[in-house]
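Worksheet: one structure, shown below.
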Amino acid sequence: MKELFVLAEHRQGELRDVTFEMLTKGMELSQKTNADLTAVLLGHNVQEFAKKLANHAKKVLIIDDARLENFNAEAYQRVLFHLISERKPSLTLVGHTAFGVDLAPSLATELNLPLATDCIDLKFEGEKLVVIRQVYGGKVNVKASLRKSDSYILTLRPATFEAQETKPQGGKIVKIASPLSEDITYKRFIEYFQPPAGEVDIATADIIVAIGRGIKDTENMLVVEKLAEALGGVLACSRPIVDKGWLPNDRQVGTSGKIVKPKLYIAIGISGQFQHISGMKNSDLIIAINKDSKAPIFRTADYGVVEDLFKVVPSLTDKILEEKH
Amino acid sequence: MEELGAIKKLNFNVCMQCGKCTGSCPVFPKSKLNPRRLMLETAYLISPLTMHPPLNIYEKSEIWDCTTCSTCSYRCPREVEPMDVIIGLRGLLLEQGRVPSTLGDALEGVYKYGNPWGISRSKRSDWAQDLKVKYVSEGEKAELLYFVGCAAAYDSRAQEVARALVKNLNTLGIDFSILGNKETCCGNEVYSLGEKGLFEILVEKNLSLLDQYGINRILTTSPHCFNAFKNKYGKDLAVQHYTQYFADLIDKGKLKFPQRVEKVVTYQDPCFLGKHNDIYDEPRKIIESIPGIKLVELNLSRGRSVCCEGGGGRMWYDIPGERGRLAETRVKEAIDVGADILAVACPFCLLTFDDAVKTTGNEDKIQVMDIMELVAEALLSSNEQVI
Amino acid sequence: MNVIVCVKHVPETAEAEIAIHESRKRIKTEDLVFDINEWDDYAVEEAVLLKEKLGGSVTAITVGSEDADSTLRKCLARGADKAVRLTDKAFEGSDSYAIAKILYKIIKDLPFDLILTGAQAGDDGCAQVGVVLAELLGIPHVTMVKKVESVEGHVKVNRELEGGLEEIVEAKLPVLLAVQTGINEPRYISIMGIRKAMKKEMKVLGLKDVGLTEEEVGESGSWITVEKMFIPPVEKEAEILTGGVDEIATKIVETLRAKGLI
Ligand SMILES: Cc1cc2nc3c(=O)[nH]c(=O)nc-3n(C[C@H](O)[C@H](O)[C@H](O)COP(=O)(O)OP(=O)(O)OC[C@H]3O[C@@H](n4cnc5c(N)ncnc54)[C@H](O)[C@@H]3O)c2cc1C
Ligand code: SF4
Ligand code: SF4
């Protein structure tokens with residue numbers, strides 16, 4: 001039977017959520033297309049992961065090699081090239097993560113297999129594989145088809161497909177000998193680096209007031225700071241604010257920043273691109289203030305205000321202070 | 001350094017280092033900005049001699065602290081025009097990309113969207129949507145062009161001034177038009193920031209617009225636009241700031257106020273009307289013609305007036321670590337002279353003072369109003385509601 | 001250090017109204033402002049910083065129509081020495097893979113130690129061109145680069161991972177780095193600078209010059225083909241609070257109070 005590969009992603013001793021999201025989606029697809037859902041696990045001493053994955057897949061292929069302990073796209077590519085050429089899965093799913101974007105395009109090129117990245121949906125229309133992607137910062141969706149092939153590679157956007165608990169699949173764990181012969185010397189993983197933490201931990205805050213590029217100027221941050229203060233919350237931000245050096249990087253919310261889940265998240269002048277959304281969408285209550293009624297943030301927020309932030313925020317601050325007195 | 005060529009033409013070499021400029025510079029007390037010293041350094045920059053310790057002009061970020069208020073140039077006994085030298089130095093830094101990022105963003109905004117806030121062109125005339133105005137861009141001719149300017153077009157508070165001005169013109173039955181979304185930045189701040197190339201582009205664009213629509217007379221909301229058109233476009237344009245235009249109407253007996261405004265009003269001379277263009281009397285004439293108003297002067301007024309810190313690009317740049325804004329001091333002064341209203345005639349003054357009233361917690365003591373808003377109040381027919 | 005930077009000319013859409021073109025295959029761009037892709041701007045700045053430190057040259061390359069010249073000129077003004085624009089009717093409809101092939105054909109014959117690209121483009125968000133290009137050239141690559149240090153024949157780079165974590169990776173030259181925003185502070189480019197840069201060399205090459213056939217580029221040479229574009233369906237929509245500013249503020253305060261947040 002054809003296989004459908006899901007490439008397991010793990011880091012620092014943990015399987016990453018995107019793996020289970022892909023396995024859930026993969027299960028649905030494999031049933032429709034009559035394929036065996038196969039989790040592919042590369043690493044070193046990862047038996048425990050294999051057991052977990054076996055609950056979610058028909059098969060777990062495990063390639064154990066000390067050189068695969070930490071992610072290195074070059075080593076991963078060699079192993080996967082081997083595996084995919086040999087087993088010709090109908091589809092290989094990879095997370096659209098720092099790991100996936102480093103790996104999938106070169107792998108697809110070497111294999112000469114069509115690839116689509118950052119997909120938010122996919123389905124087979126006959127032989128044809130069709131995907132949905134987002135473009136222009138989430139303002140437009142594209143339906144695209146991949147060049148016909150007997151094997152495809154996709155990277156899936158994290159936190160888009162829901163990981164569901166299924167009854168344990170009791171997948172078979174199959175060990176495969178590592179095809180890596182020599183060491184890879186031209187590119188080496190050295191170490192992880194955790195930038196030092198600042199004095200405020202936004203991840204534990206109950207109330208977050210977050211600002212984005214709409215704030216336009218450092219000077220204007222005062223306006224929002226006052227709101228945060230009035231609410232007893234902390235100030236966080238989207239990435240451009242950190243890029244400009246207006247707030248330290250531990251205040252950044254999103255995929256490359258912090259994942260937060262406060263009771264209240266007020267997004268001000270933030271357009272709501274997925275890298276930001278994935279960091280805050282599980283907040284209990286989300287209020288967005290943006291003057292563009294089409295901003296994607298309104299698709300995540302519970303309440304929206306389509307207005308100039310400079311009008312709304314000061315007035316809101318006043319009202320809150322009044323309320324508190 | 002081609003840019004030095006432009007500076008060389010300036011008059012810095014007659015500077016006698018008397019320090020009058022620095023003494024009068026409103027920014028000097030809170031910044032490293034020292035026009036006298038900069039004149040000396042510029043002289044060194046151009047001469048073959050080197051300074052000790054060696055001078056690196058590119059490290060002098062205080063050059064961006066200047067508000068181009070022109071006080072130094074106004075006071076200098078030798079007609080050195082230190083402000084122009086500073087603008088020249090800005091050009092030098094700018095060519096190296098050594099410009100604070102928020103100012104860079106403002107300049108890019110002007111280049112790409114025709115306004116320093118980088119807001120879409122399609123929103124430029126949103127403020128006028130429900131008002132009666134003619135759009136030259138749509139073939140509606142009028143003899144007078146009202147040039148709105150970026151602040152009044154995009155900033156929500158300043159938009160109220162544009163709206164008041166339009167209502168006043170309509171009340172008086174004056175035929176005028178606007179450029180609508182075709183309007184683009186006048187470039188006054190771009191010039192002040194030393195971005196010569198961009199300024200040239202704007203001049204070219206605006207002149208060709210004026211030409212294309214056969215415009216003969218221009219009226220501006222902002223003293224900054226007025227200054228650019230009058231002094232920097234290299235052409236004899238018939239341009240008036242609205243204070244001149246309305247003072248003229250009063251002189252001709254065409255403007256009478258049906259309402260009384262029982263308020264004590266003081267007035268801030270905007271740098272670009274006063275020191276830059278010697279317009280001191282017209283605004284006062286308008287204020288004093290409104291029945292009921294008592295005009296009191298600030299301690300420092302007319303040529304001695306203190307800058308609001310909104311000019312020279314300072315709307316988009318704060319002096320790092322600065323404390324105590326000039327606008328705050330100014331607001332307190334206005335309260336001290338017993339004014340209920342601090343009247344302004346420039347959108348930047350409006351915005352900086354409005355903010356200062358809030359930061360000093362004086363919302364219940366004083367109100368900032370543009371002269372056009374005062375006029376609108378005094379022009380209201382009795383069946384309309386007073387603000 | 002000879003550096004090649006690949007750049008893209010893209011529309012700015014964060015604050016713009018976007019409409020889909022009648023063909024349903026693209027958006028209407030008439031009213032949009034175009035500029036260099038944000039990530040690429042950081043890449044060019046990084047290239048110039050490296051050149052300023054280590055010497056060498058910087059070449060900017062783009063695949064695009066004549067409009068893209070303004071982006072190349074900006075690169076030249078930023079400090080690139082040469083620019084190349086690859087353009088051909090046949091290139092239309094190319095996806096990231098086809099674009100990477102076009103770039104490959106020209107870059108393989110140029111001398112370089114380092115290739116920089118943006119981590120992704122703000123329009124299609126594919127994040128592929130750099131990595132495919134590196135594979136075609138047979139050189140290593142590192143994506144999501146937040147910091148570059150050059151040591152004797154190597155680069156030591158920080159890669160941005162999820163959750164604020166970084167990893168440090170070492171790679172031998174020549175290498176391709178796809179840079180993330182925030183790696184530096186792109187300097188302001190003055191209009192004078194752009195004018196002066198007009199004097200620098202700018203080459204325009206087509207299909208024949210790069211030595212590809214029509215089948216290898218455009219839709220036929222691509223991995224993916226756009227079938228249609230559409231405005232995302234509304235799955236969940238925020239309840240939009242309306243009224244005057246004060247009214248809105250009052251409504252928010254009421255909601256917060258109801259939820260016990262104030
Ligand atoms: C690998 C990778 C990782 C990333 N990680 C992150 C991450 O962790 N976190 C993150 O945030 N981003 C991340 N990004 C960047 C992300 O793609 C977006 O570029 C970013 O989130 C956009 O930030 P923004 O919404 O503040 O800015 P923009 O998209 O520019 O939006 C600004 C918004 O402000 C609004 N606005 C402007 N003026 C006003 C006003 N006066 N009043 C009201 N509204 C106004 C506009 O309408 C617009 O919607 C990442 C990108 C990549 C490639
Ligand atoms: S006031 Fe004039 S002469 Fe005196 S120091 Fe300043 S520039 Fe020189
Ligand atoms: S123009 Fe004004 S702020 Fe600038 S140096 Fe002269 S006095 Fe100071």
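Chain letters run A, B, ... following the sequence lines, proteins first and then strands; every chain starts at 1. FYI, side chains are in, hydrogens and waters are out, and symmetry mates aren't considered; it's all heavy atoms of this structure.
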Taking every heavy-atom pair that is under 4.5 Å apart, which of C:I20, C:I224, C:T242 has the most such pairs with chain A? C:I224
Nearest heavy-atom approach of A:N141 to C:P233 is ND2-CD, 4.1 Å
Look at atom CD of A:E14 and say whether more than 12 heavy atoms of other residues, nucleotides or ligands are closer to it than 6.0 Å. no
Distance col, row C:N184:CG vs A:D243:CG, nearest 0.5 angstrom, shows 9.5 Å
Most chain A-contacting option - heavy-atom pairs closer than 4.5 Å, from C:P140, C:A100, C:S96, C:P232: C:P232
Minimum heavy-atom distance A:D102-C:V131, with the two atoms named: O-CG1, 4.0 Å
When only heavy atoms count and the cut-off is under 4.5 Å, which of residues 252-262 of chain C reach chain A? C:I252, C:V253, C:T255, C:L256, C:R257, C:K259, C:L261, C:I262
Identify which of C:T250, C:I27, C:I231 forms the greatest number of heavy-atom pairs closer than 4.5 Å to chain A. C:I27
Do you know the tightest heavy-atom contact between C:P11 and A:Y136? CG-CE2, 3.7 Å
Can you list the residues that meet the side-chain contact (heavy atoms from CB on, under 4.5 Å) rule with A:S278, with sequence neighbours excluded? A:A159, A:T255, A:F274
For chain C, which of A:E307, A:R16, A:K139 has the most heavy-atom pairs under 4.5 Å? A:K139
When A:V242, A:L129, A:T97, A:D284 are compared by non-hydrogen pairs under 4.5 Å with chain C, the top option: A:T97
Atom group of A:K244 that falls short of 4.5 Å from chain C, counting heavy atoms: neither
Value rounded to 0.5 Å, distance of OG1 in C:T225 from NZ in A:K143: 12.5 Å
Just checking heavy atoms, which of residues 314-324 of chain A are less than 4.5 Å from chain C? A:S315, A:L316, A:K319, A:I320, A:E323, A:K324
Return the option, out of C:A127, C:G130, C:S220, C:A134, with the maximum number of heavy-atom pairs under 4.5 Å with chain A. C:A127
Between A:Q252 and chain C, with a heavy-atom cut-off of 4.5 Å, which part of the residue counts as in contact: side chain, backbone, both or neither? neither
Hey, which of A:G232, A:A203, A:G138, A:A108 has the most heavy atom pairs under 4.5 Å with chain C? A:A108
Closest contact, heavy atoms only, C:E160 versus A:S256: OE2-CB, 2.6 Å
Proximity breakdown for A:L285 and chain C, heavy-atom pairs closer than 4.5 Å: side chain
Could C:E162 and A:R11 be called an ion pair, given the rule that one side-chain N must be under 4.0 Å from one carboxylate O? yes
N-O pairing of C:E237 and A:R299 below 4.0 Å: no
Side chain from CB out, backbone as N, CA, C, O: work out which of these in A:L146 comes under 4.5 Å of a heavy atom of chain C, or both, or neither. both
Identify which of A:V131, A:N70, A:L113 forms the greatest number of heavy-atom pairs closer than 4.5 Å to chain C. A:L113
Atom group of C:D95 that falls short of 4.5 Å from chain A, counting heavy atoms: neither
For C:Q120, is it the side chain, the backbone, both or neither that has a heavy atom under 4.5 Å from a heavy atom of chain A? side chain
Step by step, would you call C:E38 with A:R213 a salt bridge (Lys or Arg N to Asp or Glu O under 4.0 Å)? CA-CA 13 Å; C:E38 191 182 349; A:R213 186 151 30 201; 3.3 Å; yes
Please state whether the side chain, the backbone, both or neither of A:Q273 comes within less than 4.5 Å of a heavy atom of chain C. neither
Do C:E15 and A:S271 pass the side-chain contact (heavy atoms from CB on, under 4.5 Å) test, and can you show the C-alpha distance, the side-chain angles, and the key distance before you say yes or no? CA-CA 8 Å; C:E15 292 184 33; A:S271 64; over 6 Å; no
Donor-acceptor check, side chain of C:K228 to backbone of A:A144, threshold 3.5 angstrom: yes or no? no
Using a heavy-atom cutoff of under 4.5 Å, enumerate the residues of residues 172-181 of chain C that contact chain A, numbered in order, or state 'none'. C:K172, C:Q180, C:T181
Using non-hydrogen atoms only, which part of C:M229 is less than 4.5 Å away from chain A: side chain, backbone, both, or neither? both
Below 4.5 Å from any heavy atom of chain A, which atoms of C:A119 appear? Answer side chain, backbone, both or neither. neither
Given heavy-atom pairs under 4.5 angstrom as the criterion, report whether the side chain, backbone, both or neither of A:D118 touches chain C. side chain
Choice from C:V129, C:V132, C:L161, C:N158 maximising heavy atom contacts with chain A below 4.5 Å: C:L161
Under 4.5 Å to a heavy atom of chain C? For A:K128 that would be side chain
What part of C:I240 gets within 4.5 angstrom of chain A, counting heavy atoms only: side chain, backbone, both, or neither? both
Apply the test side-chain contact (heavy atoms from CB on, under 4.5 Å) to residues C:E239 and A:D302: give CA-CA distance (whole Å), side-chain angles for both, the deciding distance (0.1 Å), then the verdict. CA-CA 6 Å; C:E239 182 185 334; A:D302 300 295; over 6 Å; no
How many angstroms lie between atom CD of A:E110 and atom CG of C:L136, to the nearest 0.5 angstrom? 11.0 Å
When the 4.5 angstrom heavy-atom criterion is applied to C:F230 and chain A, the contacting part is both
If you measure from CZ on A:F193 to NZ on C:K146, what distance do you get to the nearest 0.5 Å? 9.5 Å
What's the separation between atom CZ in C:R159 and atom OH in A:Y192, rounded to the nearest 0.5 Å? 9.5 Å
In terms of heavy-atom pairs under 4.5 Å with chain C, which of A:L264, A:I286, A:V312, A:N249 leads? A:L264
Highest number of heavy-atom pairs under 4.5 Å with chain A: which of C:T143, C:V245, C:I168? C:I168
Using a cut-off of under 4.5 Å on heavy-atom pairs, state which of A:P195, A:A104, A:S293 scores highest against chain C. A:P195
Quick one: does A:K187's side chain have a donor or acceptor within less than 3.5 Å of a partner on C:H141's backbone? yes
Of the backbone (N, CA, C, O) and the side chain (C-beta and beyond), which part of A:A73 lies under 4.5 Å from a heavy atom of chain C, both, or neither? side chain
Side chains of C:L165 and A:Q12, heavy atoms from C-beta outward: is any pair under 4.5 Å? yes
Carefully, step by step, assess A:L115 and C:Y97 under the rule side-chain contact (heavy atoms from CB on, under 4.5 Å). CA-CA 9 Å; A:L115 161 79; C:Y97 175 58; over 6 Å; no
